Protein chains: 2
Amino acid sequence: MARPKKRLGKKAPQITYRSKSATRKEEIIKITAQLFSEKSYHDVTMDEIAEKVGVAKGTIYLYFESKEKLYLEILEDRHEAIESLLEKEIAKSDPAPQKLRKILRIIFKFYRQNLDVLRILSRDETHLIREHYEFTEHWRLRRIKLYEKILEKGVKEGSFLPTNIKLTSQLIFGLVRSVMFFYKTDKSAEETAEEVFSVIARGILANQDEENNKDKDIGSKGNEVNLG
Amino acid sequence: MARPKKRLGKKAPQITYRSKSATRKEEIIKITAQLFSEKSYHDVTMDEIAEKVGVAKGTIYLYFESKEKLYLEILEDRHEAIESLLEKEIAKSDPAPQKLRKILRIIFKFYRQNLDVLRILSRDETHLIREHYEFTEHWRLRRIKLYEKILEKGVKEGSFLPTNIKLTSQLIFGLVRSVMFFYKTDKSAEETAEEVFSVIARGILANQDEENNKDKDIGSKGNEVNLG
DNA sequence: TGTAAATAACTGACCAGTCAGTCATATTTT
DNA sequence: AAAATATGACTGACTGGTCAGTTATTTACA
């Protein structure tokens with residue numbers, strides 16, 4: 001056991017003590033969420049977090065057992081927030097189109113206000129920590145299941161076309177994420193949600209019957225996209 | 001400075017020599033692309049690449065100046081492949097819906113055969129190397145522009161509804177990516193493309209006029225996105 | 001034999017996590 | 001009320017390991 005050497009002259013620490021597990025932890029989460037949304041997991045160092053929070057590195061380890069756990073806690077924290085909002089909404093008994101519309105509104109609104117988590121959640125990092133992968137996959141699957149439920153309901157009610165439900169859910173998931181993430185606009189979250197709903201609902205074709213079934217030569221002829 | 005010691009007895013290298021910059025480089029790219037698609041940039045080490053390629057680490061540096069450059073070259077390599085396919089297609093003068101349909105087919109087909117690049121390109125790692133960010137953004141913007149072009153054409157022709165084109169392009173981009181990435185199916189790429197086209201084209205609503213305008217209590221009435 | 005290609009030991013920077021020690025405050029003792 | 005003692009939040013130098021990139025040396029072959 002090495003004897004700790006006398007500390008060489010250091011700047012006097014200027015500390016405001018707080019009761020543990022109260023504000024400190026939240027403060028760390030808040031600032032770290034911001035950092036993780038700006039840079040990748042590996043590019044955020046514990047030293048940097050400590051510096052930004054204004055605390056010594058060791059302190060972080062009093063509240064979080066590891067970097068991974070800190071990361072995961074941020075995710076879980078916000079995930080529960082949106083999930084409980086959605087839960088409340090699906091419990092209601094609106095007709096399916098209405099339901100979808102409202103769900104979209106909630107999602108758009110929430111992520112407008114939580115862009116940092118969105119950025120973290122939306123990274124398709126199927127890598128990183130195993131737990132992170134499992135977490136985001138779980139989150140994705142759950143959201144898709146939600147869309148599937150609504151679509152099934154709509155088809156039963158006769159308000160939705162009997163399309164391929166699995167595919168359509170996946171498609172809605174992706175489209176929502178993409179718009180949230182990249183679409184820059186001055187419009188309110190509600191308006192954007194409504195616009196998105198419109199496209200999903202009606203599609204883009206002007207004349208439904210006329211143009212749609214022209215080219216049905218799938219899989220067969222020509223067009224042999226040999227990759228380069 | 002430690003003198004490099006005499007090389008201690010080592011397994012005799014069993015090498016098939018090739019002319020430089022020929023097969024070697026392609027081989028490295030191929031195997032590394034696979035690795036990068038399985039793990040994140042930071043989790044793939046140069047040592048691992050060397051081992052998998054069956055070559056000494058130093059050798060890789062004869063062909064690529066750095067890890068970043070190697071990564072970027074993989075991206076560019078495949079990017080050009082798909083881009084030239086798309087280029088050929090948009091040069092044709094099909095009506096817009098046809099065009100969109102064909103583009104979707106090309107994209108789905110290409111990425112079926114190049115799942116590894118898709119995985120790399122699709123990571124929303126707005127982080128990592130600056131150049132990687134710029135590359136994927138450039139790639140995304142370009143693809144979105146392509147959709148915008150087709151949509152504009154369609155609106156002019158009267159085959160597409162005058163929706164919010166920027167939003168719709170973004171939406172198509174996201175939806176395509178999501179389906180390519182996550183949607184598991186036995187169907188051919190062409191069939192999947194066709195299904196996706198159907199949803200984009202017709203939407204999911206069974207009765208276009210009846211259900212759509214029920215809930216218009218959104219903040220600002222004026223919603224200029226009149227889709228009909 | 002000369003040189004291009006390949007090797008693998010080596011270096012140095014970086015970083016997550018540790019732990020001996022500090023110090024403001026709370027509690028107990030005198 | 002003052003002094004002695006205990007508490008625990010906080011600190012930051014340090015460690016052990018990892019990894020991108022370098023370089024001295026060896027090998028293949030024209």
Side-chain angles (χ1 to χ4, degrees), chain A residues 1-28 32 35-36 39-73 128-129 131-132, chain B residues 1-28 32 35-36 39-73 128-129 131-132:
Chain A
M1 276 40 179
R3 218 90 286 284
K5 290 158 207 147
K6 262 281 77 137
R7 188 141 286 94
L8 343 158
K10 280 276 99 83
K11 55 187 172 180
Q14 196 69 357
I15 310 152
T16 332
Y17 284 84
R18 300 142 198 254
S19 70
K20 200 175 159 185
S21 87
T23 9
R24 254 299 128 82
K25 195 168 179 178
E26 283 166 28
E27 203 185 350
I28 295 174
T32 310
L35 280 171
F36 276 133
K39 308 203 256 180
S40 81
Y41 180 79
H42 290 290
D43 287 332
V44 175
T45 68
M46 293 302 268
D47 287 288
E48 189 183 4
I49 294 171
E51 196 213 302
K52 284 267 166 50
V53 178
V55 111
K57 185 154 67 157
T59 304
I60 298 171
Y61 285 91
L62 296 175
Y63 296 94
F64 303 93
E65 123 190 356
S66 68
K67 190 186 180 186
E68 293 189 4
K69 284 280 161 59
L70 167 55
Y71 190 76
L72 256 10
E73 254 194 66
L128 278 187
I129 329 156
E131 275 135 313
H132 177 217
Chain B
M1 275 35 164
R3 219 93 282 289
K5 288 154 206 154
K6 264 273 77 144
R7 188 139 290 95
L8 344 156
K10 280 275 101 86
K11 53 187 173 177
Q14 195 71 355
I15 308 151
T16 333
Y17 282 83
R18 303 139 200 257
S19 70
K20 200 178 159 183
S21 86
T23 8
R24 256 297 134 83
K25 195 167 180 181
E26 282 165 29
E27 202 185 351
I28 296 173
T32 310
L35 280 171
F36 276 134
K39 307 202 256 179
S40 81
Y41 180 79
H42 289 289
D43 287 332
V44 175
T45 68
M46 293 302 270
D47 287 286
E48 189 183 5
I49 293 171
E51 196 213 303
K52 284 267 165 50
V53 177
V55 111
K57 184 158 64 159
T59 305
I60 298 172
Y61 284 90
L62 296 176
Y63 296 93
F64 302 93
E65 119 191 359
S66 68
K67 191 186 179 186
E68 293 190 4
K69 285 279 160 58
L70 168 55
Y71 190 76
L72 256 12
E73 255 194 64
L128 279 187
I129 329 155
E131 274 135 313
H132 176 217

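None of the values given here were measured: they were computed from a predicted structure. Residue numbering restarts at 1 for every chain, and letters A, B, ... go by the order of the sequence lines.
We find that CD of A:Glu68 is positioned 17 Å from P of C:dC15, with the value rounded to whole Å. At whole-Å resolution of the value, CG in B:Asp43 and P in D:dC19 are 8 Å apart. Atom OH of B:Tyr61 and atom P of C:dC10 are 18 Å apart (whole Å). Rounded to whole angstrom, the span from the OH atom of A:Tyr71 across to the P atom of C:dA16 amounts to 14 Å. Nucleotide D:dA9 holds its P atom 11 Å from the CZ atom of A:Arg24, rounded to whole Å. The nearest whole Å value for the distance from the NZ atom in B:Lys25 to the P atom in C:dA6 is 13 Å. With rounding to whole Å, B:His42 atom NE2 is found 23 Å from D:dG17 atom P. Between A:Leu35 atom CG and C:dC15 atom C1' the separation is 16 Å, expressed in whole Å.
For A:Glu48 against A:Val44, the heavy-atom pair with the smallest separation is OE1-CA, 3.9 Å. Annotation for A:His42 and A:Lys67: closest pair CA-NZ, 4.1 Å, computed over non-hydrogen atoms. The two atoms that bring A:Ala56 and A:Ala50 nearest to each other are C-CB, 4.0 Å, heavy atoms only. Contact between A:Met46 and A:Ile60 at its shortest, heavy atoms only, is CE-CG2, 3.7 Å.
Within residues 45-58 of chain B, the residues approaching DNA chain D are B:Thr45, B:Met46, B:Lys57, by heavy-atom distance under 4.0 Å.
Checking D:dT11, C:dG17, D:dG21 against every side-chain atom of A:Leu62, the shortest atom distance belongs to D:dT11. Of the candidates C:dT7, C:dG17, D:dC10, the closest approach to any side-chain atom of A:Ser66 belongs to C:dG17.
Residue pairs meeting the side-chain hydrogen bond (donor to acceptor under 3.5 Å, both in side chains) criterion with at least one partner in residues 52-61 of chain A, sequence neighbours excluded, are A:Asp47-A:Lys57.
The side-chain heavy atoms of B:Leu62 and B:Arg24, taken from C-beta on, include no pair separated by under 4.5 Å.
Considering only residues two or more places apart in sequence or on other chains, A:Glu51 meets the side chain to side chain donor-acceptor pair (under 3.5 Å) condition with none of them.
Across the interface with DNA chain C, nearest-nucleotide mapping of A:Val44 and A:Thr59 shows A:Val44 to be the residue nearer the 5′ end.
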